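Since the structure is predicted, the reported quantities are computational estimates derived from the model, not experimental observations. Within every chain, numbering begins at 1; the chains are lettered A, B, ... in the order of the sequence lines, protein sequences first and strands thereafter.
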2 protein chains.
Amino acid sequence: MVFSIGELSRRTAVKVPTIRYYEQIGLLPAAPRTDSNRRFYGQAGVDRLNFIRHSRELGFEIDDIRELLAMSEQPQSSCHKVDSIANSHLVEIDRRIASLTTLKAELARMISECGRGRVCDCRIIEVLADHGQCRSEHRL
Amino acid sequence: MVFSIGELSRRTAVKVPTIRYYEQIGLLPAAPRTDSNRRFYGQAGVDRLNFIRHSRELGFEIDDIRELLAMSEQPQSSCHKVDSIANSHLVEIDRRIASLTTLKAELARMISECGRGRVCDCRIIEVLADHGQCRSEHRL
DNA sequence: CTAATTCCTCTAGCGACTAGAGGATCAAGA
DNA sequence: TCTTGATCCTCTAGTCGCTAGAGGAATTAG
């Protein structure tokens, strides 16, 4: 059972140009071609691309995925490195959540203090400017 | 009181090439030059750049900042648009936090199930490979 | 006077795609 | 068989918000 790049795209929900891009950067092996130079794929292509897609959805970077793929192809080796990649990714996500949460609080406070009047009384602009006062003459 | 781009950089914690980049894209007005073609700045430059830096730290995009700056220069107008930009940014941040939180749970579960043995028994690899029909979209 | 630092412009690179041009080929209907 | 429209190909360039480096001029410190 073989199919075209379009069909692979439909089966994996990865866009056609993205598949070609993955091939170009070596994340996917160069697909075999028909007589008329069209790429074709089989089940292995679907599996590999699904692996990549799901890893991307989980926020792994391309280079991480390269390593994960390489390791998934050596099933007898230790999965210590897999675990370590996943763990440092988790730490990074925690860091991002914390940072976004702080940010959200600051934004929310800023917005709640906005009197919805004129710009010169707007707390949002004030906070961004880092200078409490807002004069009629423009200072920024 | 005037100072060089390097001094402006020190006062605002924005790197020199970034300042030049902001000028290039029109986020900062073209700075006046000395006889030897060097940019110089005054307090207004510091204020504007601090406003930009703080907005960036809060995750606003350059185009948002353009609008915020434009509005801060019209202090008599309504701050409704300021409020609306800040609000949609807040919504976006909420969305990102939610998405990262889901992601974190999935990653954590995956990691906790990894037996730290061989790759062929590794749940991390399995989960990444198996999730053929998960269509959640995480853009970070 | 020299050496280090700062400044200038310009181009190119990052990550992970996405868009579009310009052309070839395929599948389905009339 | 012809035609139409979908799909495929390669290639280049654009996105965002910077960052890095080359190559050269000017300033500043010792």
When we call it a touch if two heavy atoms are under 4.0 Å apart, what does [X] touch: a base, just sugar-phosphate, or nothing?
| X | value |
| --- | --- |
| A:Ile25 | nothing |
| B:Arg20 | base |
| A:Tyr22 | sugar-phosphate |

For this session: Map A:Thr18 and A:Asp35 onto DNA chain C by nearest heavy atom, then report which one ends up closer to the 5' terminus.
Result: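 Going by which nucleotide is closer to the 5' end, it is A:Thr18.
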For this session: Select from A:Gln24 and A:Ser36 the residue whose nearest nucleotide in DNA chain D is closer to the 5' end of that strand.
Result: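 Its nucleotide being nearer the 5' end, the pick is A:Ser36.
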Atom-to-atom span, [atom1] of [X] to [atom2] of [N] - whole angstrom:
| X | N | atom1 | atom2 | result |
| --- | --- | --- | --- | --- |
| A:Arg53 | C:dC17 | CZ | P | 12 Å |
| A:Leu28 | C:dC17 | CG | P | 11 Å |
| A:Tyr21 | D:dA13 | OH | C1' | 15 Å |
| B:Glu61 | D:dT15 | CD | P | 14 Å |
| A:Glu23 | D:dC9 | CD | C1' | 12 Å |
| B:Ile65 | D:dG17 | CD1 | P | 8 Å |
| A:Asp63 | C:dC14 | CG | P | 11 Å |
| A:Ile19 | D:dC8 | CD1 | C1' | 12 Å |

Exercise. Atom CD1 of A:Ile52 and atom OG1 of A:Thr18: how far apart are they, to the nearest 0.5 Å?
Worked result: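 So the CD1 of A:Ile52 and the OG1 of A:Thr18 are separated by 11.0 Å.
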Exercise. In Å and rounded to the nearest 0.5 Å, what is the OG1 to CZ distance from A:Thr12 to A:Arg48?
Worked result: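 Interatomic distance, A:Thr12 OG1 to A:Arg48 CZ, rounded to 0.5 Å: 13.5 Å.
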side-chain N/O [X] vs [N] OP1/OP2, d < 4.0 Å:
| X | N | result |
| --- | --- | --- |
| B:Arg33 | C:dT9 | yes |
| A:Lys15 | C:dT18 | yes |
| A:Ser4 | D:dT7 | no |
| A:Arg56 | C:dC17 | yes |
| A:Arg39 | D:dC8 | no |

Exercise. Would you say A:Glu61 and A:Glu92 make side-chain contact, with heavy atoms under 4.5 Å?
Worked result: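 No, their side chains stay 4.5 Å or more apart.
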Exercise. Is B:Val91 close to B:Arg95 at the side-chain level, that is, under 4.5 Å between some pair of heavy atoms?
Worked result: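 In short, these two side chains do not touch, never coming nearer than 4.5 Å.
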For this session: With B:Arg33 as the cation and B:Phe40 as the aromatic partner, state whether NZ or CZ is under 6.0 Å from the six-membered ring centre and within 45° of the axis.
Result: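 Here B:Arg33 fails the 6.0 Å and 45° test against B:Phe40.
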Problem set entry | Nucleotide of D:dG17, C:dC8, D:dC9 approaching A:Ile5 most closely (side-chain heavy atoms) |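 When the side chain of A:Ile5 is considered, D:dC9 is the closest of D:dG17, C:dC8, D:dC9.
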For this session: Give a yes or no on whether a donor-acceptor pair under 3.5 Å exists between the nucleobase atoms of D:dT7, that is its base, and the side chain of A:Arg38.
Result: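 Pair found.
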